[in-house]
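Report on one structure; see the data block that follows.
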Amino acid sequence: MNIFPDEVIEQIFGYVTSQRDRNALSLVCKNWHKLERCSRKSVLIGNCYSISPERVIERFPELKSLTLKGKPHFADFNLVPHGWGGFVYPWIEALAKTKVDLEKLKLKRMVVTDEGLELLARSFMNFKSLVLLSCEGFTTTGLAAIAANCRFLRELDLQENEVDDHKGQWLSCFPDCCTSLVSLNFACLKGEINLGALERLVARSPNLKSLRLNHTVPLSALQRILMQAPQLVDLGIGSFIHDPHSEVYTRLKNTIIKCKSMTSLSGFFEVLPGCLRAIYPVCMNLTALNLSYAAGIHCRELIKLIRRCGKLQRLWIMDCIGDYGLGVVASTCKDLQELRVFPSVLIGLNGPAGVSEKGLVAISMGCTKLHSLLYFCQQMTNAALITVAKNCPNCIRFRLCILDPTKPDPDTLQPLDEGFGAIVQSCKQLRRLSLSGQLTDRVFLYIGVYAEQLEMLSIAFAGQSDKGMMYVLNGCKKLRKLEIRDSPFGDPALLTDMGKYETMRSLWMSSCDVTIGACKALAEKMRRLNVEIFNENEKVDCSVDGGQKVQKMYLYRTLAGRRNDAPEHVWIL
Amino acid sequence: MDERSRNEVSPQLLDLIPNEREWQMNRNEGKSSEERKLELRLGPPGEEWSLGGKMKNTNTEREESLLSLGCFPSSNMSHAILSPNNGFQSKASPWPNYHHQGNNKASSPFLQLTSTPPVMGKEASQNCCPKVVELQNGGGGGDSKVFSPSSANTAVSQPNTSQKRTAPAPVVGWPPIRSFRKNLASSSASKAPPESQPEQHNKVAGKKPVDTYGNKGLFVKINMDGVPIGRKVDLNAYDSYESLSSAVDELFRGLLAAQRDSSAGGVHSKQEEEKAITGLLDGSGEYTLVYEDNEGDRMLVGDVPWHMFVSTVKRLRVLKSSELSTFTLGGKQEKISLDSAMK
């Protein structure tokens, strides 16, 4: 095994970058374990409570890049009570204390505070990249600390965070000597920024490739910025309201033409009909387009735009595009790999009635390279799902959300078991699946039998009995995350295979039929699981009888034992 | 094709298309040992897009064994509910015949299902809806009482409300959208005037909303590449892209032939030279139908729903299909270069 000297093996390991591959390397033998861990630069901790920061640092002393995920996925939909957890401060503190040479920190669904950001900014001299996804708890003051102190900052990427905007001058805090920015995304911020500071920052950042503005940045500023940065590859437009006959518009169009490298567009938080023609010049080069925040664009305009985007690989759009519009996508965007269609009903638009199974089928026929799908629709049929399954056997992520979550096939009035069954059977590489519509236990049988690569399954308002959940737990060998809400799965299902949960990252069950007694039994038996129970914001009565049903349960495997930062209303068994 | 006997066999090989009887109208029963190819042909809403058996012929052994007929007593369900005239076969929409491969069971690496498969017979189908109701009422405390019996029944009794926007009672966390999206500026929405709504609604009826035109004709000019004489068409006379397309064919067929005739030396009679102009809408023909809309943009005819088209079209053109890619980049684009050249 050890024919080569360690230095050579280490060199070879340098080419292996995927975390899973490196994990595999470390299991080969003790020597490889040692070599691997000492040379590992980048670590992903999928559940911040599964292990303590100290242990991570101890194992990987050369750590440069850390990714942490905190709250369970359903926190995105307000199902996790406020204050549940996911605090990053202890991690930053531990990293600072042990003098790790941290360069990159990426956090998802965590609670970040200004103190944490300030500590981060002061502690790591070579810090280069901060990416925050769906986080909360910080303000622009924390951002100012990052801007002011991270001299070699390359990336500040804020996506869909809840940030308290003190409308301060955080952008002005980037020192004049900071010229290293490659990516700046503040689209989620609600407050105004100093436009002059922004323009100067862009002007002195020759490497800037990605810039996403928030809705307060007006068109005139956008135009000036683009003049300074025609090399941009990815642009997030803030406000895009203009008069198509004005000089501002003409100037903008002329400026945009010069952005020959631009391949990705997003934003459009404010846009009026007729405004989009200004971006026509860059459409033919676009590989990624996100119009899912643009509430004011109508079907016809979307179609005109899409017709020009022959190279699209990733499209996020609202359902105002309609089935018809999706037909245009299908015939135009032959390279499409990822499609997300979001519902416009939520923002009170009175437009046409969204999308249905017809649009999805059209896409599946035209876009043969499709592998990732998120589709919010009015209805779905088994026949359509079967067709999609056959047309897109390479699908990796399939997330369907019918707005009425228990709606059966409207043509046959049958549950959608057969349709989803076809999906899991045909898409052999399927890793992520979200179900909706009327579903019996049968769909879970299909999933258990066929979905061999499935890693994440989301279930809502589905199934008839414990068997449903048991089929999944029994069958899906690679399952890592299972999240269930409002489904009739109870104690027998929960307790049928307790060891299974140690092979998974986590299990979420809310509004199901699981009782406190069963959760206690599980927690008692499986010491390496944390079983947490919570209700909406009331303290759970620990003395209550074991037969009481649990409102929300979240369990996850852990080597860190019980956590001690849980609020009162979260009961850790 | 004895499904009953296979009922007792275990491990169960699953039939994902248990209602195959209904879905294979054209083939004979009892063809179990024959090889069938997976074949799907399909067309999206009301249009002939690229059809064709561009089907993935799934040939792996695994696939074959997977698709062999299983045993779910769904046949009970299917008899009860699906008849050849029901379900999707009866519709105009071209859901295809679905054939699947024969019963080469072979050894299948299947999961041994230790429990008997759920009996999904008639009772399941009938209980589905009531079960849903029970589920909601029995489920987690205080969270949601969404699916009151009335709404469940509504779903059952009105299967074709596909075009209407459903307004489900609010459930916490449903639909699963991040708050960020829910809080999207409705300021944009309020500024934007709603586009003519009836597009989708009237798609079914095939009739235009009244206000845009009354009894007067809606004449638009139409020109064709290679034919010096333009014509006019009355769009009110048509109710779909297909009828417009055949009208264009009739209109120009003769003229085109005459044109060719004259350039070829005028020896042959007109009759022989007349060739139908086909494939105007899907790019498959020698010519393609395009139009200019009220915003000055050139569009492919067929891109937007019919009613939207009629209300926004200003003139029509029949272009040579080979000219298509350049046309989309022309027009406005040229205008800009001119502008910037002048600056």
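Every chain is numbered from 1 and lettered A, B, ... according to where its sequence line falls, protein lines coming before strand lines.
For the atom pair CH2 (B:Trp174) and CD1 (A:Ile402), the distance works out to 8.5 Å, reported to the nearest 0.5 Å.
Judged as a salt bridge (charged side-chain N to carboxylate O under 4.0 Å, His left out), and not counting sequence neighbours, the contacts of B:Asp293 are A:Arg300, A:Lys304. For A:Phe376, there are no ring-ring contact (aromatic ring centres under 6.0 Å, His included) partners two or more places apart in sequence or in a different chain.
Between B:Phe180 and A:Phe269, the two ring planes are perpendicular [angle over 60°; tilted spans 30° to 60°].
Neither the backbone nor the side chain of A:Thr332 comes within contact range of chain B; no heavy atoms are under 4.5 Å apart. Both the backbone and the side chain of A:Cys188 come within contact range of chain B, judged by heavy atoms closer than 4.5 Å. Proximity to chain B (any heavy atom under 4.5 Å) is restricted, for A:Ala460, to the side chain, taken from C-beta onward. Interface remark: A:Ser134 contributes side-chain atoms only to the contact with chain B (heavy atom separation under 4.5 Å).
Summarising the geometry of B:Ile177 relative to A:Phe77, their closest heavy-atom pair is N-CD2, 3.5 Å, with the distance given to 0.1 Å.
The backbone N or O of A:Phe342 sits nowhere less than 3.5 Å from a side-chain atom of B:Arg181 that would complete a donor-acceptor pair.
A side-chain contact (heavy atoms from CB on, under 4.5 Å) with B:Val304 holds for exactly one of A:Leu302, A:Val328, A:Ile303; it is A:Ile303.
Counting heavy atoms from C-beta on, the side chains of A:Tyr324 and B:Met308 never come closer than 4.5 Å.
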